[in-house]
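Heads up: the structure comes next, in structure tokens.
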Amino acid sequence: MSFFEKTSTADLMENLREELTCFICLDYFTNPVTTECGHNFCLVCLLKSWEEHNTPLSCPECWRTLETPHFQPNERLGRLAGIGKQLRRQVLQSEGELRRMLATVKLLSDDEKSVKAFSTQDHGGNRVYLSSEAGEHHKEKLQETLNLLRKKKKETQVILNHEKERVILCTDVRGTLERSEPLLLQCPEATITRLSLCRITGMREMLRKFSTDISLDPATANAYLVLSEDLRSVRHGGIQQQLPDNPERFDQSATVLGAQTFTCGRHYWEVDVGNKTEWEVGICKDSLSRKGNLPKPPGALFSLIGLKIGDDYSLWISSPLKGQHVREPVHKVGVFLDYESGHIAFYNVTEESLIYSFPPTSFQEALRPIFSPCLPNEGTNTGPLTICSLNSLA
């Protein structure tokens with residue numbers, strides 16, 4: 001006999017509720033996502049938890065260290081959570097209605113007995129029948145009341161049978177649970193801070209004065225990445241290429257560096273991210289580790305991450321990690337570096353607005369552009385990142 005066959009309907013519903021409940025907010029999953037380690041969390045709960053704990057990122061359940069906020073939407077689990085929430089609500093309503101119906105049936109039965117007793121009364125051992133005209137009138141009224149009570153009792157029984165069927169239907173969820181048990185045995189986490197998003201009049205005209213021609217460095221590209229012939233575009237190819245595992249190449253992260261290094265001056269370039277659901281662009285130290293998937297040390301990476309889960313879109317700054325939900329996706333990002341003043345900023349080119357400006361930092365070594373088209377996400381994130389040509393800045 002399986003676990004589900006031995007469990008009552010009430011216990012089964014409670015087990016279902018527990019499996020579909022967020023570990024952080026203790027409520028049913030909302031927009032659940034699955035981390036690299038296979039655990040599930042509410043999107044908002046997970047992001048909030050990461051923001052509150054800063055770096056290094058880790059899974060709230062198993063505490064496995066995660067390099068960047070990469071996770072996949074779990075739409076099936078979200079639908080199951082919605083079904084479980086609705087099912088629990090219906091069961092609670094049915095239980096309440098059943099209690100009220102049973103109380104009504106008992107009351108109707110008691111009333112029927114009272115009416116019959118009232119039609120013939122016993123006084124001092126002698127049974128007296130209502131025989132006068134008034135008695136006949138009352139008797140007719142009592143009979144009508146009795147008939148009405150019987151009708152109500154039948155209607156109530158029909159409703160009771162219907163409600164019992166609804167409760168019985170709840171047990172059908174055991175089949176769904178048995179099929180989905182591996183999926184349900186997982187957990188959750190939560191959201192965010194404020195970025196600037198300030199509109200700047202004449203922003204592009206000002207920044208284009210520092211336009212720098214940027215290209216990609218093939219020697220640093222992860223073996224899954226495909227670069228364009230002009231080395232200005234990169235996408236995830238989905239297939240690992242046979243490339244030499246040189247020290248410069250990223251072996252775990254879907255990342256490639258720009259060919260240019262900066263040790264002075266002001267520089268600006270733009271990246272077209274299109275309609276991708278996940279991407280990362282920015283600046284990093286030339287000494288950034290290319291091997292493994294360990295968290296980046298403070299001051300080694302200054303990046304902007306775009307993330308779209310369902311209809312929810314957010315922008316993230318790393319590091320330390322912080323972010324914000326935004327109404328519309330960003331399609332083109334401007335990156336600005338002033339080496340001497342220690343200034344790095346990101347701009348929304350389309351809206352001509354500042355997204356975020358890092359606090360001033362003293363740079364002590366060479367810096368390089370960094371790009372990641374991220375994982376294909378089952379075909380929803382296959383588009384490229386493209387470095388805009390200088391002419392597109394006009």
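Here the structure is a predicted model, which is why all the values come from computation and not from measurement.
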Just verifying a value: how many Å separate [X] [atom1] and [Y] [atom2], rounded to the nearest 0.5 Å?
{"X": "Leu301", "Y": "Thr255", "atom1": "CG", "atom2": "OG1", "value": "9.0 Å"}
{"X": "His267", "Y": "Ile214", "atom1": "NE2", "atom2": "CD1", "value": "8.0 Å"}
{"X": "Ile370", "Y": "Lys285", "atom1": "CD1", "atom2": "NZ", "value": "13.5 Å"}

Heavy-atom side-chain proximity of [X] to [Y] below 4.5 angstrom:
{"X": "Leu315", "Y": "Ile305", "value": "no"}
{"X": "Phe250", "Y": "Val256", "value": "no"}
{"X": "Thr361", "Y": "Ile344", "value": "no"}
{"X": "Thr350", "Y": "Val330", "value": "no"}
{"X": "Asn222", "Y": "Arg290", "value": "no"}
{"X": "Leu367", "Y": "Leu337", "value": "yes"}
{"X": "Tyr347", "Y": "Leu207", "value": "yes"}
{"X": "Cys42", "Y": "Cys25", "value": "yes"}

Minimum-distance pair of heavy atoms, taken over all atoms of [X] and [Y]:
{"X": "Val349", "Y": "Val333", "result": "CG2-C, 3.8 Å"}
{"X": "Ser233", "Y": "Pro384", "result": "OG-CB, 3.4 Å"}
{"X": "Asn246", "Y": "Ala219", "result": "ND2-O, 2.8 Å"}
{"X": "Gly292", "Y": "Gln252", "result": "O-CB, 3.4 Å"}
{"X": "Glu280", "Y": "Leu385", "result": "O-CD1, 3.9 Å"}
{"X": "Ile387", "Y": "Phe371", "result": "CD1-CZ, 3.8 Å"}

- With sequence neighbours left out, the residues meeting ring pair (Phe, Tyr, Trp, His ring centres under 6.0 Å) with Tyr224 are His236
- Note on the structure: The ring pair (Phe, Tyr, Trp, His ring centres under 6.0 Å) partners of Tyr313 (sequence neighbours excluded) come to none
- Query: Taking Asn381 as the fixed residue, which of Lys276, Glu278, Lys308 is the one that meets the side chain to side chain donor-acceptor pair (under 3.5 Å) rule?
  - Reply: Lys276
What I want to find out is whether [X] reaches [Y] closely enough, with some N-O distance under 4.0 Å, to be called a salt bridge.
{"X": "Asp213", "Y": "Arg232", "result": "yes"}
{"X": "Lys291", "Y": "Asp245", "result": "yes"}
{"X": "Arg266", "Y": "Glu340", "result": "no"}
{"X": "Arg368", "Y": "Asp286", "result": "yes"}

Under 3.5 Å donor-acceptor, [X] side chain and [Y] backbone:
{"X": "Ser372", "Y": "Cys374", "answer": "yes"}
{"X": "Ser318", "Y": "Ser303", "answer": "no"}
{"X": "Glu270", "Y": "Val335", "answer": "no"}
{"X": "Asn377", "Y": "Thr380", "answer": "no"}
{"X": "Arg249", "Y": "Pro218", "answer": "yes"}

For the residue pair [X] and [Y], confirm or rule out a side-chain donor-acceptor distance under 3.5 Å.
{"X": "Ser362", "Y": "Gln364", "value": "yes"}
{"X": "Thr220", "Y": "Glu248", "value": "no"}
{"X": "Gln260", "Y": "Thr212", "value": "no"}
{"X": "Ser314", "Y": "Trp316", "value": "yes"}

- Common cluster, Leu227/Trp279, ILVMFWY with side-chain heavy-atom separation under 4.5 Å: yes
- Stepwise, does the side chain to side chain contact (heavy atoms under 4.5 Å, CB included) test hold for Thr263 with Phe363? CA-CA 8 Å; Thr263 57; Phe363 302 128; over 6 Å; no
- Query: Given Ile317 and Leu304, is the side chain to side chain contact (heavy atoms under 4.5 Å, CB included) satisfied, shown in steps?
  - Reply: CA-CA 5 Å; Ile317 293 296; Leu304 176 68; 3.6 Å; yes
- Task: Could you tell me which residues satisfy side-chain hydrogen bond (donor to acceptor under 3.5 Å, both in side chains) with Thr261, sequence neighbours excluded, listed by chain and number?
- Result: none
- Message: With a 6.0 Å cut-off (strictly less than), is the heavy-atom count around CD of Glu365, excluding the residue itself, greater than 12?
- Response: yes
- Got more than 12 heavy atoms from elsewhere within 6.0 Å of CG, Asn275? no
- Using the ring-ring contact (aromatic ring centres under 6.0 Å, His included) rule, pick out the option among Phe336, Tyr339, Trp269, Tyr268 that qualifies with Phe262. Trp269
